[in-house]
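Take a look at the structure set out below.
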There are 2 protein chains.
Amino acid sequence: MTIGDVAKACSLAVSTVSNALSGKPYVRKETRRKVQEAADRLSYRPSAVAQALRTSRSSTIGVLVPDITNPVFSWMVRGIDDVLFREGRSLFVCSTEGREDKQIQYMHALIDRQVDGLILISQHTHGDDIEAILDNGPPFVLIHRRRRGHKEDYVGIDNDAGMRLAMNHLVELGHRRIAFIRGPTTSTSVEERFGAYRTVIAEARLAAEANLVFQGDYTIEGGMQAGKFLLEQVPRPTAILAANDFSALGVIEAAMRLGFRVPEDVSVIGYDDIFIARMPQVQLTTVYQPKRDIGGAAATQLLRRIGALRRGRPKEVIFPVELHVRATTAPAYSGSRVGPWEQDEVLVP
Amino acid sequence: MTIGDVAKACSLAVSTVSNALSGKPYVRKETRRKVQEAADRLSYRPSAVAQALRTSRSSTIGVLVPDITNPVFSWMVRGIDDVLFREGRSLFVCSTEGREDKQIQYMHALIDRQVDGLILISQHTHGDDIEAILDNGPPFVLIHRRRRGHKEDYVGIDNDAGMRLAMNHLVELGHRRIAFIRGPTTSTSVEERFGAYRTVIAEARLAAEANLVFQGDYTIEGGMQAGKFLLEQVPRPTAILAANDFSALGVIEAAMRLGFRVPEDVSVIGYDDIFIARMPQVQLTTVYQPKRDIGGAAATQLLRRIGALRRGRPKEVIFPVELHVRATTAPAYSGSRVGPWEQDEVLVP
DNA sequence: CTGTTAGCGCTTTCAT
DNA sequence: ATGAAAGCGCTAACAG
């Protein structure tokens, strides 16, 4: 079924059929009807591949995520899909596992397929290969990881405020030895969060020791290792702040295995507020970020960039965060408080 | 950067460049080297779109999932990606939310883009539109939902055995009033699970009442509604079996809100064994299925189908299941047993 | 072994 | 308002 078949079926030129189908204004009403009818009857569908070759636009978007099985990212993808589906666009979703080689290979594959744009969620933004691709490829929007020294479209959250909220909460509960589990790589987001941690440590004159910082990998398993390491320190931290919820969940698991109670023996705070955090059995105190909205905002901005303002000035969207206080934080050495879970106590900056 | 530029750069015909780059055996070694060198220097990459138009193969695969934020499906996608990435193929992942219209729209979009094959995870397989697409489209592999009356490539699990394992476990614990939360639509998997439930009910002469079956939608929220409904029945079921883990998690949340203890007041069993189920705070007894392997098997079979044996006879892969007994099941009216979580007790058929 | 040529299915001038 | 023709970038006959 090609456009030629339709043309034949209604004895018109292919160009006329093309014009009719793509809604050109100067096609006679009667002709358009005839074409439409024939196309429907033959259940003709234009080849998106041929269209892409001809127009060098594919109505396709590429999305790179570090790990599709992590709810943070799958909810962002959902937000992207929300807005792109309405526009009749399709998504290539690629899970890079944080590996730079895989990211590069996928970026090439996507661009070879003429994607109209790219959304990079927490991906590598530096290195010759990646920068070359970015600079010569289609429009893109970055989520949660900027490229240093570049002003480009970016969607993220107020990492600093989120960390301060979390830290202040702990300080108010009397914690002085607060450990931190950072992310796996040096990225702008990780730096912002880590920076805020250190700032508050300094400001509030809290314990500042190298052994109070551990590098995780954003997985539950990594969080367990981190938790084991941190909880075996002497003296032991009374609170552990994790750079994401998976790490925090791992810490809690490690704590339980080691016989510590959360929050009586150690307070734990996560970051992201994935749905697991609000389960009644879990009730993880964590910093909330609007994952679905973040995805939606990135998609909207990308659409804008693909369309009219290809060369507008870059736009940064920074979403505010909230601290959702649940049941994994309590006064230092309290042995008491268990938070309510009927309703979160929400702290905003 | 087109193949023409490369040809010019090394004063050869485009066809020779094409042959050299695609590894045709009859290209002179020296020529191949020269071409390769020029291509590298110009950092030439062939247009996948042009290749697809010409060869009508795109080295892309379309994957349809009901909900990308559900770990069951994202882990299957991961398994698919494991095997497809190695082959240099890209994945279109589409989240259909169980909506038939969205599924149809995505299937069309995918086929318009010349995907070489489709993997349908728990998708609609009936209805004129969908059957027409299936019958005229590219090769496909079905996961967890067959098309009735057709022998086609299928990857699934032994639903019947899983349900029997779960039911027998409950019967052995002395439960006689066992409720069931079924899936949202009538699909072969749902029917298999529901069928096994009813069979055991009959075989063991357990309570068989319409109000002991509730239709969920595979979400936590749906599970909560189901749990609320079921736990308000008089007499109350002593155990609730859910068709998936999300539903079971919702039941537990509902139970807690209503003041029931799990498993003392009511036992709960899930299905899938998502990673949440094994968290120490959750310890959900559930039927395990190898999600990643299932995805991998589907991808492997699709590759086979795309390659040599386009017309081989259909292959069905049925993975065995295991019951992972954790802490949400206990003897009826026991008020006692709390399962161990250091090590699952694994029951196999 | 290398080059010439004919499309793949579509859109887009440019004539008519 | 419609049609003829060129060409997007590539591969596969086929000729040499």
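Quick caveat: nothing in here was measured; it's all calculated off a predicted structure. A, B, ... follow the sequence lines: proteins, then strands. Residue 1 opens every chain.
Atom CZ in R33(B) sits roughly 16 Å away from atom P in dC1(C) (whole-Å rounding). The nearest whole Å value for the distance from the NZ atom in K34(A) to the P atom in dA1(D) is 15 Å. Nucleotide dC8(C) holds its P atom 11 Å from the CG atom of D5(A), rounded to whole Å. Here the P atom of nucleotide dT13(C) and the CZ atom of R54(A) are 8 Å apart, to the nearest Å. When the P atom of dA1(D) is taken as reference, atom NZ of K24(A) falls 14 Å away, rounded to whole Å. Rounded to whole Å, atom P of dG9(C) lies 21 Å from atom CZ of R57(A). Here dC10(D) presents its P atom at 10 Å from CE of M1(B), a figure rounded to the nearest Å.
End-to-end axis angle for the helix from dC1(C)-dG16(D) to dT16(C)-dA1(D), using five pairs per end and rounding to 10°, comes out at 40°.
A donor-acceptor pair shorter than 3.5 Å can be found between the side chains of R113(B) and S90(A).
For the residue pair S95(B) and I68(B), the shortest heavy atom distance occurs at OG-N, 3.1 Å. Among all heavy-atom pairs drawn from V6(A) and A39(A), the shortest one is CG1-N, 4.1 Å.
For Q36(B), there are no side chain to side chain donor-acceptor pair (under 3.5 Å) partners at least two apart in sequence or on another chain. Taking the side chain to side chain donor-acceptor pair (under 3.5 Å) definition, one finds that D128(A) meets it with nothing, sequence neighbours left out.
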Using a 3.5 Å cut-off and no angle test, enumerate the donor-acceptor pairs between side-chain atoms of residues 105-112 of chain B and protein atoms at least two apart in sequence or in another chain.
{"from": "Y106(B)", "atom 1": "OH", "to": "D81(A)", "atom 2": "OD1", "distance (Å)": "2.4"}
{"from": "D112(B)", "atom 1": "OD1", "to": "R45(A)", "atom 2": "NH1", "distance (Å)": "3.3"}
{"from": "D112(B)", "atom 1": "OD2", "to": "R45(A)", "atom 2": "NH1", "distance (Å)": "2.3"}

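Put simply, the side chain of V72(A) reaches to within 4.5 Å of the side chain of Q289(A), judged on heavy atoms.
Classification of E30(B) and R33(B) as a salt-bridged pair holds, one side-chain N sitting under 4.0 Å from a carboxylate O. Taking the charged nitrogens against the carboxylate oxygens, R89(A) and D116(A) do have a contact shorter than 4.0 Å, which makes a salt bridge. Using a cutoff of 4.0 Å between basic side-chain nitrogens and carboxylate oxygens, R78(A) and E97(B) are scored as salt-bridged.
Taking a 6.0 Å sphere around CZ of R57(B), one finds it holds 12 or fewer heavy atoms contributed by other residues, nucleotides or ligands.
Of the candidate nucleotides dA12(D), dG9(D), dG7(D), dG9(D) has the atom lying nearest to any side-chain atom of L53(A). Checking dC10(C), dC10(D), dT11(C) against every side-chain atom of S18(A), the shortest atom distance belongs to dT11(C).
For the segment residues 36-51 of chain A, the set of residues with a heavy atom within less than 4.0 Å of an atom of DNA chain D is empty.
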Polar atoms only, N or O, under 3.5 Å: list the protein pairs with nucleotides 2-4 of chain D and their distances.
{"from": "dT2(D)", "atom 1": "OP1", "to": "R28(A)", "atom 2": "NE", "distance (Å)": "3.3"}
{"from": "dT2(D)", "atom 1": "OP1", "to": "R28(A)", "atom 2": "NH2", "distance (Å)": "3.0"}
{"from": "dT2(D)", "atom 1": "OP1", "to": "T31(A)", "atom 2": "OG1", "distance (Å)": "2.4"}
{"from": "dT2(D)", "atom 1": "OP2", "to": "R28(A)", "atom 2": "N", "distance (Å)": "3.0"}
{"from": "dT2(D)", "atom 1": "OP2", "to": "T31(A)", "atom 2": "OG1", "distance (Å)": "3.2"}
{"from": "dG3(D)", "atom 1": "OP2", "to": "A13(A)", "atom 2": "N", "distance (Å)": "2.7"}
{"from": "dG3(D)", "atom 1": "OP2", "to": "T16(A)", "atom 2": "OG1", "distance (Å)": "2.9"}
{"from": "dG3(D)", "atom 1": "N7", "to": "S15(A)", "atom 2": "OG", "distance (Å)": "3.2"}
{"from": "dA4(D)", "atom 1": "N6", "to": "S15(A)", "atom 2": "OG", "distance (Å)": "3.1"}

